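Quick note on labels: first sequence line is chain A, next is B, and so on, each numbered from 1. Here the structure is a predicted model, which is why all the values come from computation and not from measurement.
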Amino acid sequence: MNTVFTNAKAGMAGVDKEHVQKVVYEMSKNSPHFKNEQRKQKQTDERIAKMKQRAHGISQTDLAGLTRSMDAKVAHLETTRDLSRTWLTVDMDAFFAACEELDNPALKTQPMAVGGIGMISTANYVARKYGVRSAMPGFIARELCPQLVFAKPNFSKYTAASRASRVIFADYDAEFSAGSLDEAHLDVTDYCNQHGLSGADVAETIRRRMREEVKLTCSVGVGPNRLLSKVAADMNKPDGQYVVAADLPGIKRFVAALPIRKVPGIGKVAEQTLAAFGVTACQGLLDHKGLLAGLYSPISMDFFLASGLGLGQTQHSEPVADGEVGRKGISCERTFGPISKTGELEAKACELAEKLAEEMADEGLKGKTLTLKLKETTFELRTRAHTSSQFISSVADIRNVALRLLRAEMPIAIRLMGLRMSSFQEIRTLPGQRSLSAFIQPAAAGSATAGTEQPLKQQGAAQDFSIAFQHAVDALPDESEDEEPEDANGAPEPHQSSYSMADDLQAQSGRSEDKWREAPLPQQSDLAAPRIAELPSTDLQQSCTGSVGFGQFAAQKRKRPSGAVTGHKRTGIEAYLRPAA
DNA sequence: ATACATACC
DNA sequence: TACTGGTATGTAT
Ligand SMILES: Nc1ncnc2c1ncn2[C@H]1C[C@H](O)[C@@H](COP(=O)(O)OP(=O)(O)OP(=O)(O)O)O1
Ligand SMILES: [Mg+2]
Ligand SMILES: [Mg+2]
Ligand SMILES: [Mg+2]
């Protein structure tokens with residue numbers, strides 16, 4: 001049932017997947033974590049059942065209408081296609097592990113993972129042969145590979161290597177966008193034209209320079225847009241490159257048989273829900289567009305169709321405007337041995353408040369919304385938020401709000417607590433004050449971007465609006481297309497030395513392996529990772545549940561707001577017209 | 001504005 | 001024995 005560790009990732013060719021599945025199962029069953037995974041899987045199964053039911057209720061007439069609507073959407077998307085750009089996605093091979101091998105070459109021939117018995121962030125390709133992977137707990141990895149060597153993470157190495165790699169990227173695209181420490185997206189069109197080179201030529205050059213100057217290998221994907229270059233970058237890992245021809249036949253050839261899971265944004269859940277309707281390769285997203293339109297939101301459909309057509313971002317995002325904070329949130333969370341005593345819980349909240357305040361101070365951030373995250377010992381998640389009337393940043397203010405949110409949840413037994421601040425005050429840039437562009441990084445995480453990559457969503461209920469209606473509404477002209485009113489210039493901030501949540505209320509009537517943390521480095525990207533989601537469903541609530549991740553740094557950033565995608569012209573959306581209701 | 005789910009590195 | 005931490009987005013309420 002758990003397909004997480006055997007899917008869609010480089011280095012898994014030739015791995016005995018059945019064996020890996022069995023070991024993971026044997027090591028996990030009976031654990032609270034496993035129970036939680038089962039609970040989540042049940043949710044997915046129920047979701048699929050509801051979608052099947054909905055699909056069953058779609059008449060031939062409905063289907064015909066939905067299909068026509070999607071035909072129009074496809075036709076429009078097709079008009080946005082721009083094959084004139086050349087994009088490169090560069091992604092380091094087994095990045096953290098490779099950095100560790102740099103300082104300890106003996107590790108190169110041994111199976112090695114970066115992390116500990118609790119969690120692994122990545123493994124070298126020798127270890128991957130045994131099924132060892134990112135996000136796999138170390139004790140399971142050791143069961144799969146008893147000789148596995150564990151290396152402790154050392155973020156300063158990774159940031160140094162990343163910085164060095166970015167110096168290279170800047171030579172080919174001064175505005176490249178960083179997808180993470182180990183990945184970047186480059187529009188090398190101008191460079192190619194100026195030097196009479198192909199994308200493949202530049203890819204070869206970058207790979208050579210990376211070997212020589214950074215002493216690490218990377219893989220490069222080349223294509224007419226960022227979606228294609230990104231997917232292509234994984235095709236010949238490690239130390240390889242792959243070119244998606246910049247013509248319609250070449251793109252169709254590449255995309256048609258591509259497993260949907262390879263598309264960034266389609267993960268474990270979307271893969272399952274789509275598979276339930278026979279969609280396992282990207283061509284299926286186009287073949288079943290009518291039916292899918294009856295099951296997924298307009299936003300998801302835009303994303304699916306763009307993916308099926310091989311359309312992606314063709315231009316970089318707008319840089320972050322002056323004074324704007326380049327991020328949406330900042331958070332700190334820690335896992336520890338189970339605790340439930342009031343004193344211990346409050347002590348954790350205080351520590352996190354201090355940590356968060358410190359990180360915010362490093363960037364001069366002040367925010368209004370504080371979200372407390374609690375992971376129960378059962379692995380179920382709870383988040384509770386409060387928005388203050390004033391921007392806050394001090395330890396005292398953060399602690400006050402955090403404690404109040406926490407106290408409302410007790411009693412509770414948890415294994416993790418986290419604090420996240422969002423809704424930031426814009427930073428007033430003082431004359432002569434240069435922001436931290438220290439970390440070679442151009443194009444700050446902007447917002448609007450031309451191109452097509454879109455997101456997905458989740459689940460919902462809204463039975464009042466038929467899906468057909470939603471898709472029809474989505475087809476209306478986009479009114480907010482020509483202006484960017486959002487100026488948010490500012491009213492001077494009211495001052496108040498100390499914030500108290502009580503005032504607001506009145507006014508309104510372990511054990512953590514914290515080895516994987518890193519200094520808050522400037523970072524950004526515009527990686528537009530979709531989040532799938534089915535549509536409506538007459539459904540009720542969801543439970544909670546976990547996410548994944550490792551102690552990484554900042555990475556993704558901005559996403560585009562809404563609407564359809566577009567090559568880069570982004571004219572309004574034509575009216576597709578409603579299908580039969 | 002709040003809560004939850006999904007996704008990516 | 002043991003299952004991360006950080007960031008983003010989409011939807012419903
Ligand atoms: N789930 C995770 N949790 C924490 N850190 C992660 C996680 N996944 C990846 N990382 C870190 C470690 C990786 O070396 C680094 C880059 O990720 P990624 O490019 O996906 O894999 P990789 O570089 O290790 O191997 P590959 O050769 O497949 O690219 O980010
Ligand atoms: Mg990588
Ligand atoms: Mg990567
Ligand atoms: Mg994917």
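Nearest to the side chain of A:Arg47, among C:dT7, B:dT6, C:dC3, sits B:dT6. Side chain of A:Arg327, nearest nucleotide from C:dC3, C:dA8, B:dA3: C:dA8. Of the candidates B:dA3, B:dC9, C:dC3, B:dC9 carries the atom nearest the A:Asp182 side chain, counting heavy atoms from C-beta on. Distances were taken from every side-chain heavy atom of A:Ser28 (C-beta onward) to each of C:dA2, C:dC3, C:dT9; the shortest belongs to C:dC3. Closest to the side chain of A:Ser180, out of B:dC9, C:dT7, C:dC3, is B:dC9. Of the listed nucleotides (C:dC3, B:dT6, C:dT9), B:dT6 has the atom at the smallest distance from the side chain of A:Val269. Nearest nucleotide to the side chain of A:Ala270, out of B:dA7, C:dA8, C:dT7: B:dA7. Comparing atom distances between the A:Lys230 side chain and each of C:dC3, B:dC8, C:dT7 picks out B:dC8 as nearest. Closest to the A:Ile299 side chain, of the nucleotides B:dT2, C:dT11, C:dA2, is C:dT11.
For the pair A:Leu274 CG and B:dT6 C1', the interatomic distance rounds to 13 Å; values are reported in whole Å. Between A:Glu183 atom CD and C:dG6 atom P the separation is 20 Å, expressed in whole Å. Atom pair A:Glu37:CD and C:dA2:C1' shows a separation of 15 Å (rounding to whole Å applied). As rounded to whole Å, 13 Å separates atom P of C:dT7 from atom CG of A:Leu181. The CZ-C1' distance, from A:Phe379 to B:dT6, rounds to 18 Å in whole Å. Taking atom CD on A:Glu143 and atom P on C:dC3, their separation rounds to 16 Å, with Å as the unit. Remark: C1' of C:dT11 and CZ of A:Phe303 are 17 Å apart, rounded to the nearest angstrom. Rounded to whole Å, the distance from CG on A:Leu356 to P on C:dT7 is 9 Å.
In this view, A:Ser165 satisfies the side-chain hydrogen bond (donor to acceptor under 3.5 Å, both in side chains) rule with no residue, not counting sequence neighbours. For A:Tyr25, the ring pair (Phe, Tyr, Trp, His ring centres under 6.0 Å) partners at least two apart in sequence or on another chain are A:Phe34.
Annotation: cation-pi pair A:Arg128/A:Tyr125 present, NZ/CZ under 6.0 Å from the ring centroid and within 45° of its normal. Cation-pi check for A:Lys328 over A:Phe424 is not met; the charged atom does not lie both under 6.0 angstrom from the ring centroid and within 45 degrees of its normal.
Between A:Arg334 and the phosphate of C:dG6, there is a side-chain N or O to OP1/OP2 separation shorter than 4.0 Å. Contact annotation: A:Thr387 side-chain N/O to B:dT2 OP1/OP2 distance is under 4.0 Å. The shortest distance between the side-chain N/O atoms of A:Arg415 and the OP1/OP2 oxygens of C:dC3 is below 4.0 Å. At the phosphate of C:dT7, OP1 or OP2 sits under 4.0 Å from a side-chain N or O atom of A:Ser331. Here A:Lys268 does not reach the OP1 or OP2 of B:dT6: none of its side-chain N or O atoms lies under 4.0 Å away. Using a 4.0 Å cut-off, some side-chain N or O of A:Ser297 falls inside it from OP1 or OP2 of C:dT11.
Salt bridge annotation for A:Lys230-A:Glu183: present, with a cationic side-chain nitrogen under 4.0 angstrom from a carboxylate oxygen.
Of the two residues near DNA chain B, A:Thr44 and A:Asp91, the one whose nearest nucleotide lies more 5' is A:Thr44. Between A:Lys368 and A:Thr383, the residue anchored nearer the 5' end of DNA chain B, judged by the nucleotide with its closest heavy atom, is A:Lys368.
For the side-chain contact (heavy atoms from CB on, under 4.5 Å) criterion with A:Phe96, the lone passing option out of A:Asn154, A:Asn124, A:Thr122, A:Asp182 is A:Thr122.
Within the 4.0 angstrom heavy-atom criterion, base atoms lie near A:Ile140.
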